[in-house]
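These notes concern the structure reproduced below.
If you're wondering where the values come from, they're calculated on a predicted model, not measured in any experiment.
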Amino acid sequence: MSGGKRYGKYHFHTYCCTAHRSDCCNFKEIDSEKLDHYVITLLERELFCEASMKKQIRHLNQCISRHNRKLPAWRKALDEQLDKLNLEYIQLQSSKEKTIEICEQINILESQRIAFESSRNNLQELETVEYADFCGLIDSFFALQEEPFRFRTFIRDYIKSITVYRESVVFSLDCGFGLLDGVIREFTAKRIDFKTPSQRM
């Protein structure tokens, strides 16, 4: 969806599917002010208040502990894949005929090796965190609301996705605080909560 304006009896901002304008999509547009306000309220309630952040920090530490326990198995799996790639790479490099196809395969294997080595190096043990490490974000959340552009940039780090269905809207919040991927919480609201003025008539 992209932002737009509606004029006429009512003047308001909306989020609308880009295909909607070409009659390829029959999804109704959404009142952007209502949706934006809901997102801010959701973030304030579920993340940027002391009780919620403390709860999320506890959950994050549980995820960090699980991550650390799984590290040896992940490293072993990556090492096995790297050994296999290295063997294929050596065999191709030692080939007497360097056809275009073989050269392409060598390049592909080299890229894969770099990607796997990068993944292997990024598998680091994480330390658990404290509420004090992130409580300053609460102040930033409220202070930056006076600066719309910076505030939007700030909250993008905590919104994984907003998925619009016919009857509902699903909000996925990224609660990993930049430390750990996949720490997601989902919340569902009824689509009717975001009707535009013209849709309420």
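- Under the 4.5 Å side-chain criterion, counting only non-hydrogen atoms from C-beta, D31 is not in contact with L35.
- Put simply, CD on Q91 and CD1 on I102 are 11.5 Å apart, with the number rounded to the nearest 0.5 Å.
- When hydrophobic clusters are built by joining Ile, Leu, Val, Met, Phe, Trp and Tyr residues whose side-chain heavy atoms come closer than 4.5 Å, directly or via intermediates, F116 is grouped together with L71.
- Tracing side-chain contacts under 4.5 Å through hydrophobic residues (I, L, V, M, F, W, Y), one reaches F151 starting from I162; they form part of the same cluster.
- Qualifying salt bridge (Lys or Arg N to Asp or Glu O under 4.0 Å) partners for R75, counting only residues two or more places apart in sequence or in other chains: none.
- Residues that satisfy the side chain to side chain contact (heavy atoms under 4.5 Å, CB included) test with S161, not counting sequence neighbours, are T163, S172.
- Sequence neighbours left out, the pairs with a member in residues 72-108 that pass ring-ring contact (aromatic ring centres under 6.0 Å, His included) are H67-W74.
- With values rounded to the nearest 0.5 angstrom, T41 atom OG1 is found 13.5 Å from F48 atom CZ.
- Residues satisfying the side-chain hydrogen bond (donor to acceptor under 3.5 Å, both in side chains) criterion with D79, sequence neighbours excluded, are R120.
- The number of heavy atoms from other shown groups lying within 6.0 Å of NE2 (H37) does not exceed 12.
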* For the pair K34 and I30, evaluate side chain to side chain contact (heavy atoms under 4.5 Å, CB included) and give the outcome as yes or no after the intermediate values. => CA-CA 8 Å; K34 286 191 169 187; I30 282 183; over 6 Å; no
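- The salt bridge (Lys or Arg N to Asp or Glu O under 4.0 Å) check on K54 picks up E50, with sequence neighbours excluded.
- Across all their heavy atoms, S168 and T188 have their closest contact at CB-CG2, 3.8 Å.
- Residues that satisfy the salt bridge (Lys or Arg N to Asp or Glu O under 4.0 Å) test with R45, not counting sequence neighbours, are absent from this structure.
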* Begin from the C-alpha positions of Q56 and M53 and carry the test side chain to side chain contact (heavy atoms under 4.5 Å, CB included) through to its verdict. => CA-CA 5 Å; Q56 186 53 46; M53 184 170 282; 5.5 Å; no
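- Residue-environment remark: CD1 (I114) exceeds the threshold of 12 foreign heavy atoms within 6.0 Å.
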* side chain to side chain contact (heavy atoms under 4.5 Å, CB included) assessment of I64 paired with N61 -> CA-CA 5 Å; I64 287 174; N61 282 330; 4.0 Å; yes
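- Side-chain heavy atoms closer than 4.5 Å link hydrophobic residues (I, L, V, M, F, W, Y) into clusters, and following such links, even through other members, never connects V170 to V39.
- In this structure the side chain of D36 reaches within 4.5 angstrom of the side chain of R152, judged on heavy atoms.
- Checked against the 6.0 Å centroid criterion, the rings of F141 and Y158 do not qualify as a close aromatic pair.
- In terms of heavy-atom proximity, L82 sits nearest to R113 at CD2-O, 3.9 Å.
- Closest of all the heavy-atom pairs between C49 and I138 is C-CD1, 3.7 Å.
- Partners of Q124 under the side chain to side chain contact (heavy atoms under 4.5 Å, CB included) rule, at least two apart in sequence or in another chain, do not exist in this structure.
- Cluster annotation: F142 is connected to I40 through the hydrophobic network of ILVMFWY side chains, with a link wherever side-chain heavy atoms come within less than 4.5 Å.
- A 4.5 Å side-chain heavy-atom check between P72 and K76 finds every atom pair outside the cut-off.
- In terms of hydrophobic clustering, with Ile, Leu, Val, Met, Phe, Trp and Tyr side chains grouped at heavy-atom distances under 4.5 Å, V129 and I184 are assigned to different clusters.
- Remark: S118 engages N122 in a side chain to side chain contact (heavy atoms under 4.5 Å, CB included) (not counting sequence neighbours).
- Rounded to the nearest 0.5 Å, atoms CG (L179) and CD (E127) are 10.5 Å apart.
- Nearest heavy atom pair, residue R191 against residue V169, reads CD-CG2, 4.2 Å.
- Side-chain contact between D157 and D174 is absent, with no heavy-atom pair separated by less than 4.5 Å.
- Residues passing the side chain to side chain contact (heavy atoms under 4.5 Å, CB included) test with T153, sequence neighbours excluded: F149, R156.
- Atoms CD and CG, from E110 and N107 in turn, are 8.0 Å apart once rounded to the nearest 0.5 Å.
- Under the salt bridge (Lys or Arg N to Asp or Glu O under 4.0 Å) criterion, R150 pairs with E147, not counting sequence neighbours.
- The neighbour count for Q145 CD, taken as heavy atoms of other residues, nucleotides or ligands under 6.0 Å away, is above 12.
- Nearest heavy-atom pair across L47 and C175 is CD1-SG, 4.4 Å.
- Here ring-ring contact (aromatic ring centres under 6.0 Å, His included) pairs that include residues 170-191, with residues two or more places apart or in two chains, are Y38-F171, F134-F177.
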* After noting the C-alpha distance and the side-chain angles of I192 and K195, does the key distance pass the side chain to side chain contact (heavy atoms under 4.5 Å, CB included) rule? -> CA-CA 5 Å; I192 195 171; K195 276 190 172 183; 3.8 Å; yes
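- Applying the side-chain hydrogen bond (donor to acceptor under 3.5 Å, both in side chains) rule to E46 yields the partners R185; only residues at least two apart in sequence or on another chain are considered.
- Here the straight-line distance linking atom CZ of R58 with atom CG of L60 works out to 12.0 Å at 0.5 Å rounding.
- Rounding to the nearest 0.5 Å gives a distance of 10.5 Å between NZ of K84 and CG of L109.
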